[in-house]
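For the single chain, residues carry numbers from 1 onward in sequence order. Atoms within a ligand are numbered from 1 in the order they appear, just like the ligands themselves.
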Amino acid sequence: MSKIKAIHGREVLDSRGFPTVEVEVSVADPRSSSEVCTGRAIVPSGASTGEGEALELRDGDPKRYLGKGVLTAVQNVNERIAPSMIGREFQLQSLLDDALRDLDGTPNKSTLGANAILGVSMAFLRAQALAQRTPSDQFIAQHYGSPGVTLPVPLMNIINGGKHADNGLAVQEFMIVPAGFDRFSEALRAGAEIFHRLKKILHKQGLSTGVGDEGGFAPQFSGAKSHEQALVAITQAVSDAGYKLGEQIFLALDSAASEFSDGKSGYLFEGQTLTSEEMIGVYSQWAKDFPIISIEDGLSEHDWKGWDLLTRTLGDKCQLVGDDLFCTNPIQLKRGIDSKIANAILIKLNQIGTVTETLETMKLAASAGYHAIMSHRSGETEDTFIADLAVGTDCGQIKTGSASRTDRIAKYNQLLRLEERLGDRARFAGLKFYEKFKK
Ligand code: PGA
Ligand code: ZN
């Protein structure tokens, strides 16, 4: 690996128009002593964050960006991380990440900010990949010890609710899962066509076709059973688009249930307060009525007793994904594995704050037979690092929004490029991940 020559951070904007950290890391070019290779990365930002996430450092100055400026994090990159890392040569990504963690000195990265640290970690990886004339996805594959040939199944969030919209739906994400295809590009095409069909259906029903934070529609369904209405509209869109539900297209939910938990053991759902058992009853019924193969954060991150019952009730029928529950944190995941809670984990780099710890969590998940789903945040940018990471680790699934908004599409487009570059070597993860859940 090459010596670090420069590190520079700056404040840029994310897809919600709030500031985030961009970092450039330059390393010596092994082919020319006078040249450098510069990698650049932008850190995303969540809205429905788990309590165990690494700290996203915000300035808190109400006069700038409503307190959401990141000048302190940028300053930490330029005045604290850069002087301590420039001139050093790290033989492995993990050594750089260890040095960053040592410099910070806290478990949740609250001294420098996870947004400062992650920007450097990702940009360093890209710079090293450039120095070795290796595409980032293949560089990650070598590093992770994976073939780096698997295009992930996209979990496309075509109806947004919860904290990502303002439409009264408790469940945050209604996703279509185009798994029954031979190629990623065909799956993506199906997803986009269904998205367009759904627009027509909502329009006919007199509902809004404006989109939420992740590019899915955010209609205001009226009536007591608003969630079922959303599921029915999606199934209609699948058939209007000419695809087979339950064979080619499956459904997935991200409840982000911590957000509608009442802080005790109740869930504020469709005008009622439900117990964990009653929420599980709702999911069980939906899983009977619709081909739902994945439910993320079905219960609150604090409701481990409920999670135990959820896993015992639906764990052999559905992928049960821990997002806020695990926060991409190996310690939290280990606790889940030991307690047999959930059977999959959502992977978000900025929940933990370095590339190395993210990979460590993924390795742990794989060793326990848990699926790992690469994920964007609701506040995204043009950065496509997660597309490279999904292919480089062969994790098989990616959640990166709907078929609209360039912050989401940028990842899909990168995956199309990777599929093309891999050519005959490309594999589409397809139905493999869901076979054991099919009824
Ligand atoms: P967030 O939402 O990025 O706002 O946390 C995404 C998710 O919950 O999966
Ligand atoms: Zn989630």
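Side chains of Ile295 and Leu314 form a contact here, defined as non-hydrogen atoms less than 4.5 Å apart. In this structure the side chain of Phe221 reaches within 4.5 angstrom of the side chain of Ile159, judged on heavy atoms.
With rounding to the nearest 0.5 angstrom, the OH atom of Tyr412 is 7.0 Å from the CG atom of Leu188.
Neighbouring protein atoms of the Zn ion (ligand 2) (N, O or S, distance under 2.8 Å, waters ignored): Asp254 OD2, Glu296 OE2, Asp323 OD2.
Residues Asp137 and Gln414 bring no donor and acceptor atom of their side chains to less than 3.5 Å of each other. Using modelled atom types and a 3.5 Å distance limit, the side chains of Ser48 and Glu259 yield no donor-acceptor pair.
Contact check on Asp338 versus Lys334 returns a salt bridge, with a Lys/Arg side-chain nitrogen under 4.0 Å from an Asp/Glu carboxylate oxygen. Using a 4.0 Å cut-off between charged nitrogen and carboxylate oxygen, Asp59 and Arg64 count as a salt-bridge pair.
Listed by chain and number, Gly46, Ala47, Ser48, His164, Gln172, Glu173, Glu214, Asp254, Glu296, Asp323, Leu346, Lys348, Arg377, Ser378, Lys399 each place a non-hydrogen atom less than 4.0 angstrom from ligand 1.
Evaluated for a side chain to side chain donor-acceptor pair (under 3.5 Å) with Lys399, the options His376, Glu214, Glu173 yield exactly one hit, Glu173.
Judged by the 6.0 Å distance and 45° axis criteria, Lys199 is not positioned over the aromatic ring of Phe217.
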